Amino acid sequence: LRMCGVAMMLMCGAAAMAQDARLVDTRLILDRGGSTIVFEPYAPNIIRVTLSLHKEPALAPPGYGFTGTPNAAGWTHEHTDDGDTYRSGRMSVTLAANKPGSNVLPTRLDIARYFNGSTPGAHITFSTAEGTRLLDMEGWAMAVPNHKDGTAGVVHDKRPSDAPFYQVGATFASPDNEHYYGLGQNQEGYLDHRGHTVECWNNYLATGGPTFCVPLMVTNKGYGVLWDNPSQTTIQPGFNEQTRWTSQVGDRVSFFVIAGSNTDEIYQGYRLLTGSTPMLPKAAYGFIQCKQRYSTQEEVMAVAKGYRERHLPADVIVVDWFYYSKMGQMDFVPSKWPDPAEMNKQLHAMGFETMISVWPRFEKGTRYYDLVLKNGWFEHLADGTPMDGLPYDRAGSDIDTTNPAAAKWFWGAIRDNIISKGFDSIWADETEPDLPPNGGYFSIGPGTRYYDVYPLFHTAAIYDGFRRDVPHRALILSRDAYPG
């Protein structure tokens, strides 16, 4: 990953000297040596920073999952010989002017003959209104796939018609007493990520156990960073006095800095950017009984009766997988589940709500496979062939719920075959998806570029259907997550 740092300033400096700043609507747009840098406020304590070698992606809105609206009320721009500052009553962000030094060591001259960064570089600092330094971005990268960085192979994960791939990233200063928290579900056993590399993507086979990533990093220094890139992203916090974010594919660096006087305020900023969590049904706040798995209707009823006979509190009971005859058939094996509707009626009378697992996979030969195939609704290869896990995984192919038509149909199939039998909520299983999308394609584009977004689209398909067709509040238990 090629960063433009101090050692490369000779190569980067001359071009980067030329810079121009202009306010357009809510944004401060800066031209730096052929690159475009944008500061875009969302609140007095929230700023989005975008950097790209191409103007169009730099000016584009945030990616999937972000619903907040830019708001520059109270923000002002100041230009001095030291750089450009965008300031509110809560924080300031400054792009430093490049001032290449004249006393350069001969060794650096020789290095600069052979090695250079992928961008003109940028030094951006974030501070509170009182002048306390929050964050210091030392450099950024937007590198074409190449053998030196070991990224050349990623070009095979795109079609000729797809936008170019770049590896993108940014490097921030990491003071010795700064600590890092969050970043979704990581099961390596560390609360503080400092000194531990975080692989920020959905990975059911991760070393410490299944992981998913919500790329919000909260620090003990009064700020959080929310990274805007859904490809596989590696975060290296607190190594060699630096924290480095690297995303496998992108056409820009895009991130938000949220300043907060306490952690609650940082999470309030996250909510402003990605939307509020809807109120869950009352039963969700009680005890949910689940195991892998209840094999029959009789077993479910016996467990529920056992709770009530012993006067133990329980609010939801879960029917996990293999109640169906085949993956994607969306039926109930009659010999084991003779009357799911009557089962739910009895459970409701006992004070239980019921949740059931629904997978997004469809085997060949099941009643919906040909329909989904005909409509091009599977996660697929470049030639349109549905992705599968053969020869070792025979569970079929994943429906592509990034396709609006597929998402609407999928909910309809759940509603008509499962919710109609009285089930109250959905256990959305296998939402990584379990067939990793790198090298495959979604409706929205290459799976390598959009690696982490599937849980957002998939749960939204179910949630939107609930709100449209079901009178009670929605409860969806998802195996993975993404902002939004």
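Computed from a predicted model, the values in this text were never measured in an experiment.
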Visitor: Would you give the length of the straight line joining atom CD1 of Ile288 to atom CG of Asp315, rounded to the nearest 0.5 angstrom?
Guide: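 Answer rounded to 0.5 Å: 8.0 Å.
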Visitor: What are the two closest non-hydrogen atoms of Glu432 and Asn202, and how far apart are they?
Guide: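 Looking at all heavy atoms of both residues, the closest pair is O-ND2, 3.3 Å.
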Visitor: When rounded to the nearest 0.5 angstrom, what is the spacing between CZ in Arg449 and CG in Asn438?
Guide: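 So the gap between those two atoms works out to 14.5 Å.
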Visitor: Is the backbone N or O of Ser261 less than 3.5 Å from a side-chain atom of Glu265, with the two atoms forming a donor-acceptor pair by type?
Guide: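 Yes, the answer is positive, given that a donor and an acceptor are paired below the 3.5 Å cut-off.
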Visitor: Give the C-alpha distance, both sets of side-chain angles, the deciding distance and a yes or no for side chain to side chain contact (heavy atoms under 4.5 Å, CB included) between Phe39 and Leu30.
Guide: CA-CA 8 Å; Phe39 297 159; Leu30 302 120; 4.0 Å; yes
Visitor: Parallel, tilted or perpendicular: which fits the ring planes of Tyr307 and Phe352, with parallel below 30° and perpendicular above 60°?
Guide: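 Plane angle over 60°, so perpendicular.
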Visitor: Between Thr94 and Tyr86, do the side chains contain an N or O donor and an N or O acceptor separated by less than 3.5 Å?
Guide: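 No pair is found: no donor N or O on one side chain lies under 3.5 Å from an acceptor on the other.
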Visitor: Of all the heavy-atom pairs spanning Arg27 and Leu59, show the shortest one and how long it is.
Guide: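 In terms of heavy atoms, the two residues are closest at NH1-O, 2.6 Å.
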Visitor: Any chance you could measure Trp427, atom CH2, to Ile356, atom CD1, to the nearest 0.5 Å?
Guide: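 One gets 13.0 Å once the value is rounded to the nearest 0.5 Å.
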Visitor: Identify the heavy atoms of Thr274 and Pro483 that sit nearest to each other, and give their distance.
Guide: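 Closest approach of Thr274 to Pro483: CG2-CB, 4.0 Å.
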Visitor: Taking all heavy atoms of Asp251 and all of Tyr166, pick out the closest pair and write down the distance.
Guide: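 Closest approach of Asp251 to Tyr166: CA-CD1, 4.2 Å.
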Visitor: Can you tell if the side chain of Thr431 reaches within under 4.5 Å of the side chain of Ser478, non-hydrogen atoms only?
Guide: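 Side chain of Thr431 against side chain of Ser478, heavy atoms only: contact under 4.5 Å found.
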Visitor: Please evaluate residues Glu430 and Arg479 with respect to the criterion salt bridge (Lys or Arg N to Asp or Glu O under 4.0 Å), reporting the C-alpha separation (whole Å), side-chain torsions for both, the decisive distance (0.1 Å), and the verdict.
Guide: CA-CA 6 Å; Glu430 205 257 73; Arg479 199 161 87 179; 5.4 Å; no
Visitor: What about the rings of Phe172 and Phe255, do their centers lie closer together than 6.0 Å?
Guide: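 Ring centres of Phe255 and Phe172 closer than 6.0 Å.
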Visitor: Is it the case that the side chain of Asn186 and the backbone of Leu183 share a donor-acceptor pair, with hydrogens and angles ignored and the cut-off at 3.5 Å?
Guide: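 Looks like yes, one N/O pair under 3.5 Å.
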Visitor: Are Phe442 and Thr401 packed together at the side-chain level, in the sense that at least one heavy-atom pair is separated by less than 4.5 angstrom?
Guide: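 Not touching, per the 4.5 Å side-chain cut-off.
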Visitor: Would you say Arg32 and Asn98 make side-chain contact, with heavy atoms under 4.5 Å?
Guide: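 Yes, at least one pair of side-chain atoms sits under 4.5 Å.
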Visitor: Among Pro230, Cys200, Ser247, which residue meets the side-chain contact (heavy atoms from CB on, under 4.5 Å) test with Pro215?
Guide: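 With Pro215 as partner, Pro230, Cys200, Ser247 yield a single side-chain contact (heavy atoms from CB on, under 4.5 Å), made by Cys200.
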Visitor: Mind checking whether Tyr64 and Tyr450 have parallel, tilted or perpendicular rings, split at 30° and 60°?
Guide: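 Perpendicular, since the angle between the ring planes exceeds 60°.
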Visitor: Can you check side-chain hydrogen bond (donor to acceptor under 3.5 Å, both in side chains) on Thr402 and Asp400, steps first, answer last?
Guide: CA-CA 5 Å; Thr402 72; Asp400 175 12; 2.5 Å; yes
Visitor: Stepwise, does the side-chain hydrogen bond (donor to acceptor under 3.5 Å, both in side chains) test hold for Thr243 with Arg194?
Guide: CA-CA 9 Å; Thr243 291; Arg194 184 177 183 87; 5.8 Å; no
Visitor: Quick one: do Asp424 and Leu475 satisfy side chain to side chain contact (heavy atoms under 4.5 Å, CB included)? Show the steps, please.
Guide: CA-CA 8 Å; Asp424 301 289; Leu475 172 60; over 6 Å; no
Visitor: Would His179 and Asn220 count as having a side-chain donor-acceptor pair, cut-off 3.5 Å?
Guide: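 No pair is found: no donor N or O on one side chain lies under 3.5 Å from an acceptor on the other.
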Visitor: Taking the side chain as C-beta and beyond, is there a heavy-atom pair between Thr36 and Val38 under 4.5 Å?
Guide: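 Of all side-chain heavy-atom pairs linking Val38 with Thr36, at least one is under 4.5 Å.
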Visitor: With a 3.5 Å distance limit and no angle check, can you tell me whether Asp136 reaches the backbone of Thr125 through a side-chain donor-acceptor pair?
Guide: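 No; judged by distance alone, with no hydrogens or angles, the pair does not exist.
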Visitor: Which is it for Thr151 and Asp149 under the side-chain hydrogen bond (donor to acceptor under 3.5 Å, both in side chains) test, yes or no, and what are the steps along the way?
Guide: CA-CA 5 Å; Thr151 59; Asp149 292 331; 5.0 Å; no
Visitor: Name the residue from His123, Gln242, Arg244 that meets the side chain to side chain donor-acceptor pair (under 3.5 Å) definition with Glu138.
Guide: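 Output: one option passes, namely Gln242.
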Visitor: Test your reading of the model: is there a side-chain donor-acceptor pair from Asn229 to the backbone of Val249, 3.5 Å cut-off?
Guide: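 Pair found, side chain donor or acceptor close to backbone of Val249.
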Visitor: Please answer whether the main-chain N or O of Arg90 pairs with a side-chain N or O of Ser88 as donor and acceptor at a distance below 3.5 Å.
Guide: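 At least one qualifying donor-acceptor pair exists.
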Visitor: Flag the pair Arg271 and Asp264 as a salt bridge only when some basic side-chain nitrogen lies within less than 4.0 angstrom of an acidic carboxylate oxygen.
Guide: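 Looking at Arg271 and Asp264, the cut-off is not met.
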Visitor: Could you report the tightest heavy-atom contact between Tyr42 and Pro62, atom names first, then the distance?
Guide: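 Distance-wise, the nearest heavy atoms are OH-CG, 3.3 Å.
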Visitor: Between Tyr294 and Ile317, is there a side-chain heavy-atom distance shorter than 4.5 Å?
Guide: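 With C-beta onward as the side chain, the pair touches.
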Visitor: Any Lys/Arg nitrogen of Asp320 or Lys291 sitting under 4.0 Å from an Asp/Glu carboxylate oxygen of the other?
Guide: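 No, no charged N to carboxylate O under 4.0 Å.
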Visitor: Take Arg48 and Ser254 through the side-chain hydrogen bond (donor to acceptor under 3.5 Å, both in side chains) test and state the conclusion after the steps.
Guide: CA-CA 7 Å; Arg48 179 184 176 219; Ser254 173; 3.1 Å; yes
Visitor: Quick one: which of Phe66, Tyr223, Tyr270, Phe126 gives a ring-ring contact (aromatic ring centres under 6.0 Å, His included) with Phe256?
Guide: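 It is Phe66; the other options fail the test.
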Visitor: Tell me, do Glu78 and Asp84 make a side-chain contact under 4.5 Å, heavy atoms counted?
Guide: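 In short, these two side chains do not touch, never coming nearer than 4.5 Å.
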Visitor: When you look at Arg252 and Asp228, which way does the salt bridge (Lys or Arg N to Asp or Glu O under 4.0 Å) test go after all the steps?
Guide: CA-CA 9 Å; Arg252 66 187 182 188; Asp228 172 26; 3.3 Å; yes
Visitor: Would you compute the distance between atom CG of Asp20 and atom CG of Asp31 and round it to the nearest 0.5 angstrom?
Guide: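 Here the interatomic distance stands at 5.5 Å.
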Visitor: Of the non-hydrogen atoms in Pro446 and Phe165, which two are nearest, and what is the gap between them?
Guide: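 Minimum heavy-atom contact is CB-CZ, 4.0 Å.
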Visitor: Evaluate His458 against Phe410 for ring pair (Phe, Tyr, Trp, His ring centres under 6.0 Å), listing each step before the verdict.
Guide: CA-CA 9 Å; His458 198 71; Phe410 184 65; 5.1 Å; yes
Visitor: Residues in ring-ring contact (aromatic ring centres under 6.0 Å, His included) with Phe212, at least two apart?
Guide: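 Phe212 satisfies ring-ring contact (aromatic ring centres under 6.0 Å, His included) with no residue once adjacent residues are dropped.
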Visitor: Do Asp429 and Arg361 pass the salt bridge (Lys or Arg N to Asp or Glu O under 4.0 Å) test, and can you show the C-alpha distance, the side-chain angles, and the key distance before you say yes or no?
Guide: CA-CA 10 Å; Asp429 212 338; Arg361 302 278 287 273; over 6 Å; no
Visitor: Just to verify, what does Thr128 make a side-chain hydrogen bond (donor to acceptor under 3.5 Å, both in side chains) with, not counting sequence neighbours?
Guide: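 Per chain and number, Thr128 pairs via side-chain hydrogen bond (donor to acceptor under 3.5 Å, both in side chains) with Glu130.
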Visitor: Is Arg467 salt-bridged to Asp464, going by a charged N under 4.0 Å from an acidic O?
Guide: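 No, this pair does not count.
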Visitor: With a 4.5 Å heavy-atom cut-off, do Phe239 and Pro237 have their side chains touching?
Guide: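 Yes, side chains in contact.
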Visitor: Where the side chain of Gln167 meets the backbone of Met142, is there a donor-acceptor pair that is under 3.5 Å apart?
Guide: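 No, the answer is negative, given that no donor and acceptor are paired below the 3.5 Å cut-off.
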Visitor: Got a second to check how far Asp398's CG is from Leu435's CG, nearest 0.5 Å?
Guide: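 Result: 4.5 Å between the selected atoms.
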Visitor: To the nearest 0.5 Å, tell me how far Phe466 CZ sits from Ile414 CD1.
Guide: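 Answer for the CZ-CD1 pair, Phe466 versus Ile414, is 8.5 Å.
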Visitor: Backbone N or O of Ile476 within a donor-acceptor pair of the Ser425 side chain at under 3.5 Å?
Guide: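 Side chain of Ser425 to backbone of Ile476, a donor-acceptor pair under 3.5 Å: no, none is there.
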Visitor: Which word best sums up how the rings of Trp201 and Tyr451 line up, parallel for under 30°, tilted for 30 to 60°, or perpendicular for over 60°?
Guide: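 Rings of Trp201 and Tyr451: perpendicular, as their planes differ by over 60°.
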